[in-house]
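Being a predicted model, the structure only gives us computed values, none of them experimental. Chain letters run A, B, ... following the sequence lines, proteins first, then strands; residues in each count from 1.
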Amino acid sequence: MAIGETSISESAGRDFIRDIIAADLDSKRSSKVVTRFPPEPNGYLHIGHAKSICLNFGVAEEFGGRCHLRFDDTNPTKEEQEYIDAIKADVRWLGFDWGEHLYHASDHFEQLYTWGQHLIRAGKAYVDDQTQEDMRATRGTLTEPGRNSPYRDRKVEENLDLFARMRAGEFPNGARVLRAKIDMASGNINLRDPALYRILHASHPRTGTAWSIYPSYDFAHGQSDAIEGITHSICTLEFEDHRPLYDWFLDNLPVPSRPRQYEFARLNLSYALLSKRVLTELVKGGHVEGWDDPRMPTLAGLRRRGVPPEAIRDFIKRIGVAKANSVVDIGMLEFSIREVLNATAQRRMAVLRPLKVTIENYSQGEGEELEAVNHPEDTAAGTRRIRFGREIYIERDDFMETPEKKFFRLAPGREVRLRYAYFITCRETIKNAAGEVVELRCSYDPATRGGNAPDGRKVKGTIHWVSAADAVPAHVRLYNPLFTRPDPSASEFAKDINPQSCELLTDCRIEPSMATWEHPVQFERQGYFCRDRSSAPGGLVFNRTLGLRDTYAKITAIPATGGKTG
RNA sequence: UGGGGGAUAGUUCAACGGUAGAACAUCGGACUCUGACUCCGAGAAUCUUGGUUCGAAUCCAGGUCCCCCAGCCA
């Protein structure tokens, strides 16, 4: 079921946020539901944001309301147009639509300024000339109260004048700040006269140089919610102790509506770091190739990796919403990815590490065409013709000179099935000077054409292959987790970076039809792959989205993300 | 030692005073022209101590542990 098809009855009570909304609708405290997704355009969206997006847009859809996309662009020193564009593209890709409801905190700058004056006139805000150091020193500590600023009792007229001159750009950065006058002794540090406006001579992506002062998050967020008619302002846990301040502004300003803030626990994923600071450093420090590097947990990275948006939505639905901090096993995400890809990706054959096989009793001629099904669980996907010939490539891992007990693929003297083709038996092993196996000499049974023996005999293994004469070369990138630990250090992430997070294979052979294939594909017995955007004619590049579950390989060192390494 | 939150299988969530349930993971087994998929089965939890109640994961009291807050970041 698509996310938008969830009915209210099914969704009611699915989590505490939906419980609250259902109750508000029930008690008529709200007559509609309006939510918002409020990213700051200072980086790319990651899968943690997907949780918020799915929650906010999902809830709005389920309850027949709407969800706004609002850029929290109150700090021009960190925000860029590139991020604004990328965020829009990512939200759309995930499958959500804000319609006409695109907003920016900067749309409300003029109103916010007016409200700053309003607080001044009410004696509830003042311009403070203290230095940043002084403010820090007088704020107190977690256990000691702060001290009032010597500028706290400035006259209204003087405050108004100074505030206007701050706006006019008369003072340098940091010279003064507009502060709310609340309580320097509050146990909640957010209430110790928080800054409302700071002087920032910086060019803003939308307002350019029109402003020399910019509102703080606290002063902008709730009021923007009120202006837009947001009913339920859903944010993460770290804003919980900002809620009294959020409410204080709404109580002390003539706002047009009364939104409420609710907080949920952000997403954490094992073997990953979901913080914009870390992701930004990974990009700027050159640890990855960019925001859309397939190893990144960004939506852009997941997209390039080949992860379908449906899989992300399914994953988010599965993990639920609560207030307890938690770390979700990356295996959960992988399950959702396989679930979607198994159902949608067509099957093809590709040999990643080729081992040449010559079928000695097969004619030297042109070869032949065999039929292969495109999707075993979806007959509508049809079939395709694949070339077979005397020389083929099989996977190096599918041959073992001295097979271990559980190995039931090819070995000297052993018979296996070539998928959709014939049974072959290994007759001889060719080695190079170093003693490495470089070629296999096999025989085939013409009676097994298509893959079944008329005499009813069975083989234990079926392996994939490609025709040596017809397969096209390709590069394939195998990905493993970016970090070596399930709980990488956010403060010293560099030491936990996995040096083997990307393995490039340069001698792969794939079915010719793949040259122009644009969809996710399963290379049989190996995993799900997608064409990388760096592919060029004659230079195909595939990314492995995820390996198939592999109960034989049993890699224990690092989780299955990216599948087996060898 | 201030203020605000949170503790249920290995993990993530349910259970809203009335039989602690699901998904993922794990371990068995079946099926299979993908060691995939699918199917069947198993093990596995209420932080702790009291109290209220016929009955407590849920209500009350005390304790323990974990997370967030001292930006002119969001």
- Note on the structure: Heavy-atom contacts, protein to nucleotides 34-46 of chain B, under 4.0 Å, summarised as B (base), S (sugar-phosphate only) or - (none) per nt, yield BBSB---------

- Could you go through the side-chain contact (heavy atoms from CB on, under 4.5 Å) check for A:W465 and A:D398 one step at a time? CA-CA 10 Å; A:W465 56 276; A:D398 286 339; over 6 Å; no

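- Protein atom CG of A:D247 is 14 Å distant from nucleotide atom P of B:G4, rounded to whole Å.
- OP1 or OP2 of B:C72 lies within a sub-4.0 Å distance of a side-chain N or O belonging to A:R139.
- A:E395 contributes a side-chain N or O that, together with a main-chain N or O of A:R353, makes up a donor-acceptor pair within less than 3.5 Å.
- Remark: P of B:C16 and CD1 of A:I20 are 17 Å apart, rounded to the nearest angstrom.
- Atom CD1 of A:I330 is separated from atom C1' of B:C24 by 13 Å (rounded to the nearest Å).
- For A:D19 and B:C16, a side-chain-to-base donor-acceptor distance below 3.5 Å is present, hydrogens and geometry of angles not being considered.
- Of all the residues in residues 186-198 of chain A, A:G187, A:N188, A:I189, A:A195, A:R198 reach under 4.0 Å from RNA chain B with at least one non-hydrogen atom.
- Using a 4.0 Å heavy-atom cutoff across all strands shown, A:S326 reaches sugar-phosphate atoms only and no base atom.
- Taking atom P on both nucleotides, B:G55 is separated from B:G18 by 14 Å, rounded to a whole Å.
- B:A57 and B:A15 have their P atoms separated by 15 Å, with the value rounded to a whole Å.
- RNA chain B lies under 4.0 Å from at least one heavy atom of each of the following residues of residues 130-138 of chain A: A:Q130, A:T131, A:Q132, A:M135, A:R136.
- If you take OH of A:Y262 and C1' of B:G4, they are 17 Å apart, rounded to a whole angstrom.
- In this view, A:F315 satisfies the ring pair (Phe, Tyr, Trp, His ring centres under 6.0 Å) rule with no residue, not counting sequence neighbours.
- Helical stems involving RNA chain B, defined as 3 or more consecutive Watson-Crick or G-U pairs under 3.5 Å, span B:2-7 with B:64-69, B:10-13 with B:21-24, B:26-30 with B:38-42, B:47-51 with B:59-63.
- With sequence neighbours left out, the ring pair (Phe, Tyr, Trp, His ring centres under 6.0 Å) criterion links A:H104 to A:F71.
- Where A:N75 and A:R449 meet RNA chain B, the nucleotide closest to each residue was compared, and A:R449 sits on the side nearer the 5' end.
- We find that NZ of A:K323 is positioned 13 Å from P of B:A14, with the value rounded to whole Å.
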